[in-house]
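Reviewing the structure listed below.
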Protein chains: 2
Amino acid sequence: MDLSKENGALAVEVLDLIFRATRYIQHEYEIKLESLSLPFQLSGPRLRLLLMVWRAEKIRMSELASKLGVKPRTVTELVDALERDGVIHRIPDPNDRRATLLHLTEEALNQINRVRSVQMQISDEILQKFSEEQRTQLHELLSAFFEGKEIDFVY
Amino acid sequence: MDLSKENGALAVEVLDLIFRATRYIQHEYEIKLESLSLPFQLSGPRLRLLLMVWRAEKIRMSELASKLGVKPRTVTELVDALERDGVIHRIPDPNDRRATLLHLTEEALNQINRVRSVQMQISDEILQKFSEEQRTQLHELLSAFFEGKEIDFVY
DNA sequence: TATTGTTATACTCTATAACTATA
DNA sequence: TATAGTTATAGAGTATAACAATA
């Protein structure tokens, strides 16, 4: 009996469920975020970048790229869009004239609490079937993916 | 004390972990799939479509679109690429001359077992930290997302 | 009239390569 | 010589709208 194939079959199903859950959650998120009528567009990648800048307060584009797991060119693109929408400012790094620091605009800071509060609401709704205990279980299991990994790469 | 916010905060973290796990898994998959040197390009969306056609043996483009959760126009685009690569054939539906049936080419059928076997291997590797019991637990928890949903939409 | 899949077009995310300014 | 971020360019995935063929 080929045990590795049996393990593999279960493993494929588990990873497939993770993919499907992500697609489902993204779908729900998009719908709910749209109904927020924010004064700027907020896709998944943009929200991710935005929240990272928010947590860091100010951050270099290159550091952001490495944390997001994308190339610097991609950050340039996203930041261009977010700057156009008045969400992000570029400011020169006083300590290194090659570098650019990002920080959120007043407008973004005003909206960010609203976004985060709705994010919590949506997340709670999506997980409504799950008990507190189940949520904690999921949290513990999924955390194992990232144990022992460098913390700079956030995925 | 605002309990809904406390729940929300845990929920956000759980969903965030699911997103991160997906990004991590996709990253691993891409690397390993590349090293397979298949005679055709196989991105995530293409593999997903391919396996769906494979499971169905033959399927209409419109049905495929609804199962994949994308618009028909997107299926046209993906199928164009896969047909160019000699993986998929379009054949007219004998029962409805508006419709097109998709099926895999000989070449694709020859490669599909290899792809699936490597998929199992990769999945098992990615979950190497997880015991049989933990995998089953994850499987059960994540399945709950889709309980009571229409089965046509696979996400 | 409604459905199937297409052409025409466009947007977002992502990337590589070549370049400019600075370190 | 190396690094930070840009311009130039491109490809994949996704979509809307208008349309042709067929039901």
Side-chain angles (χ1 to χ4, degrees), chain A residues 19 22-23 26-27 29-31 33-34 40-50 52-53 58-85 87-103 153 155, chain B residues 19 22-23 26-27 29-31 33-34 40-50 52-53 58-85 87-103 153 155:
Chain A
F19 284 141
T22 292
R23 292 180 68 84
Q26 266 170 347
H27 191 242
Y29 253 86
E30 272 160 30
I31 292 168
L33 269 180
E34 247 175 66
F40 41 82
Q41 295 302 316
L42 216 44
S43 64
R46 284 177 198 187
L47 178 57
R48 218 170 132 243
L49 187 152
L50 204 65
M52 237 169 229
V53 176
K58 60 186 198 312
I59 189 171
R60 274 193 189 193
M61 296 186 71
S62 53
E63 194 192 342
L64 193 49
S66 114
K67 281 202 174 157
L68 289 170
V70 298
K71 300 293 171 194
R73 183 61 186 85
T74 303
V75 172
T76 298
E77 191 76 19
L78 288 167
V79 170
D80 281 352
L82 289 167
E83 204 171 29
R84 248 181 272 125
D85 281 1
V87 181
I88 272 189
H89 267 168
R90 281 170 163 106
I91 50 174
D93 185 336
N95 304 316
D96 185 339
R97 287 197 297 171
R98 294 171 305 179
T100 303
L101 293 174
L102 302 175
H103 70 127
F153 202 125
Y155 281 101
Chain B
F19 284 141
T22 292
R23 291 181 68 84
Q26 266 170 347
H27 191 242
Y29 252 87
E30 272 161 31
I31 293 168
L33 269 180
E34 248 175 65
F40 42 82
Q41 296 302 317
L42 214 45
S43 63
R46 283 179 198 187
L47 178 57
R48 218 170 132 244
L49 188 152
L50 205 64
M52 237 169 230
V53 175
K58 61 187 198 313
I59 187 170
R60 275 193 189 192
M61 296 185 71
S62 54
E63 194 192 342
L64 193 50
S66 114
K67 280 202 175 158
L68 289 170
V70 297
K71 299 294 171 193
R73 182 63 186 84
T74 302
V75 172
T76 298
E77 191 76 19
L78 288 167
V79 169
D80 282 352
L82 289 167
E83 203 171 29
R84 248 180 271 126
D85 282 0
V87 182
I88 272 189
H89 267 168
R90 281 170 162 104
I91 50 174
D93 185 337
N95 302 317
D96 184 340
R97 287 198 296 172
R98 293 171 305 179
T100 301
L101 292 174
L102 302 175
H103 71 128
F153 201 124
Y155 282 102

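Every heavy atom of this structure was used, including side-chain atoms; hydrogens, water molecules and symmetry mates were not.
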Could you please name the option among [options] that lies closest to any side-chain atom of [X]?
| X | options | result |
| --- | --- | --- |
| B:Arg60 | C:dC13, C:dT4, D:dA8 | C:dT4 |
| A:Ser62 | D:dA4, D:dT14, C:dG5 | D:dA4 |
| A:Arg73 | C:dC13, D:dG13, D:dT9 | D:dT9 |
| B:Leu78 | D:dA15, D:dT7, D:dG13 | D:dG13 |

Any [X] side-chain nitrogen or oxygen under 4.0 Å from OP1 or OP2 of [N]:
| X | N | answer |
| --- | --- | --- |
| B:Thr74 | D:dG13 | no |
| B:Thr76 | C:dG5 | no |
| B:Arg90 | C:dT6 | yes |
| B:Arg46 | D:dG13 | yes |

- Message: Angle between ring planes, B:His89 versus B:His103, binned at 30° and 60°: parallel, tilted or perpendicular?
- Response: tilted
Between [atom2] of [N] and [atom1] of [X], the distance in whole Å:
| X | N | atom1 | atom2 | result |
| --- | --- | --- | --- | --- |
| B:Ile91 | C:dG5 | CD1 | P | 12 Å |
| A:Gln26 | D:dA15 | CD | P | 12 Å |
| B:Met61 | C:dT7 | CE | C1' | 13 Å |
| A:Glu77 | D:dA4 | CD | C1' | 17 Å |

- Any residue of residues 92-101 of chain A with a heavy atom less than 4.0 Å from an atom of DNA chain C: A:Asp96, A:Arg97, A:Arg98
